[in-house]
Amino acid sequence: QVQLVESGGGLVQAGGSLRLSCEASGVTFVSSTMGWFRQAPGKEREFVASITADGLTAYADSVKGRFTISRDNVKNTVNLQMNSLKPEDTAVYSCAVKRIFAYSYAHWGQGTQVTVSS
């Protein structure tokens with residue numbers, strides 16, 4: 001069974017940093033695309049960043065230059081380094097997996113809360 005467990009969320013002041021991690025199991029991690037999404041209260045879930053099996057990355061315009069996604073194929077983890085955080089970044093952040101040859105993310109973690117105070 002696919003299991004994704006996020007960690008690293010918390011409360012920070014605007015301008016601060018957090019590093020989120022997601023540990024994956026039950027999936028062929030090395031051949032999967034991993035992504036981070038977030039959802040704020042009253043808002044729809046939005047794409048944040050992704051990284052393919054070969055390390056290609058993509059970012060939402062709202063976080064580009066501030067967030068960095070990375071993966072560790074030994075630890076089966078995907079990370080999200082978040083710098084220069086803004087109150088608008090406040091949301092529940094979830095990681096997701098898209099298997100090789102798939103066109104959508106099919107498995108999701110429970111999420112970790114990130115709160116940025118002004």
Side-chain angles (χ1 to χ4, degrees):
Q1 287 55 238
V2 176
Q3 185 174 18
L4 304 173
V5 181
E6 302 95 337
S7 62
L11 173 64
V12 297
Q13 293 183 330
S17 299
L18 282 175
R19 183 176 177 85
L20 306 183
S21 294
C22 171
E23 185 173 3
S25 62
V27 65
T28 306
F29 183 82
V30 295
S31 62
S32 299
T33 292
M34 302 298 298
W36 284 99
F37 295 77
R38 67 187 182 187
Q39 186 169 23
K43 302 290 184 63
E44 293 186 353
R45 177 177 290 170
E46 65 175 342
F47 168 81
V48 176
S50 65
I51 183 166
T52 66
D54 58 353
L56 295 178
T57 59
Y59 298 91
D61 289 342
S62 59
V63 306
K64 193 163 188 174
R66 300 188 297 122
F67 292 9
T68 302
I69 189 171
S70 62
R71 67 191 297 156
D72 186 333
N73 290 337
V74 175
K75 298 181 179 179
N76 283 0
T77 59
V78 59
N79 306 303
L80 186 69
Q81 178 66 45
M82 306 185 295
N83 298 326
S84 301
L85 284 163
K86 305 174 180 179
E88 305 92 274
D89 295 319
T90 295
V92 174
Y93 285 71
S94 301
C95 66
V97 59
K98 181 168 62 177
R99 292 177 295 174
I100 189 169
F101 303 131
Y103 292 95
S104 62
Y105 293 88
H107 301 93
W108 300 79
Q110 289 293 310
T112 184
Q113 177 70 47
V114 172
T115 303
V116 184
S117 62
S118 60

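- Annotation for Gln39: atom CD counts as buried by contact number, over 12 foreign heavy atoms lying within 6.0 Å.
- Residues Asn83 and Gln81 have side chains that bring a donor and an acceptor to within less than 3.5 angstrom of each other.
- Although no hydrogens or angles enter the test, the distance criterion places no donor-acceptor pair under 3.5 Å between the side chain of Glu23 and the main chain of Asn76.
- When the ring pair (Phe, Tyr, Trp, His ring centres under 6.0 Å) test is applied to Tyr105, the partners found at least two apart in sequence or on another chain are Phe37.
- Here the OG atom belonging to Ser7 is positioned 10.5 Å from the CZ atom belonging to Arg19, to the nearest 0.5 angstrom.
- The minimum heavy-atom distance between Ser118 and Ala14, with the atom names listed, is CA-CB, 4.4 Å.
- Think of Tyr103 as one node in a network of Ile, Leu, Val, Met, Phe, Trp and Tyr side chains linked at under 4.5 Å; it has no links at all.
- Atom OG1 of Thr77 sits about 4.5 Å away from atom CG of Asp72, to the nearest 0.5 Å.
- Heavy atoms of other residues, nucleotides or ligands lying less than 6.0 angstrom from CZ of Arg66 number more than 12.
- Proximity of a side-chain donor or acceptor of Arg71 to a complementary backbone N or O of Thr52 within less than 3.5 Å is detected.
- Within the 4.5 Å cutoff, no side-chain heavy atoms of His107 are placed close to those of Ser32.
- The two residues Ser50 and Thr33 have their closest heavy-atom pair at CB-CG2, 4.4 Å.
- Taken to the nearest 0.5 Å, the CD atom of Glu88 stands 9.5 Å off from the OG atom of Ser62.
- Of all heavy-atom pairs between Ala91 and Ala40, the closest is CB-N, 3.8 Å.
- Between Gln113 and Thr90, some side-chain heavy-atom pair lies under the 4.5 Å cut-off.
- We find the OG-CD distance between Ser117 and Gln13 to be 5.0 Å, quoted to the nearest 0.5 Å.
- Going from atom CZ of Arg38 over to atom SG of Cys95 covers 15.5 Å, rounded to the nearest 0.5 Å.
- Applying the 4.5 Å side-chain rule to ILVMFWY residues, one finds Val2, Leu4, Val12, Leu18, Leu20, Val27, Phe29, Met34, Trp36, Ile51, Tyr59, Val63, Phe67, Ile69, Val78, Leu80, Met82, Leu85, Tyr93, Val97, Val114, Val116 in the same cluster as Val48.
- Between Gly111 and Ser94, the shortest heavy-atom distance links the atoms CA-OG, 3.5 Å.
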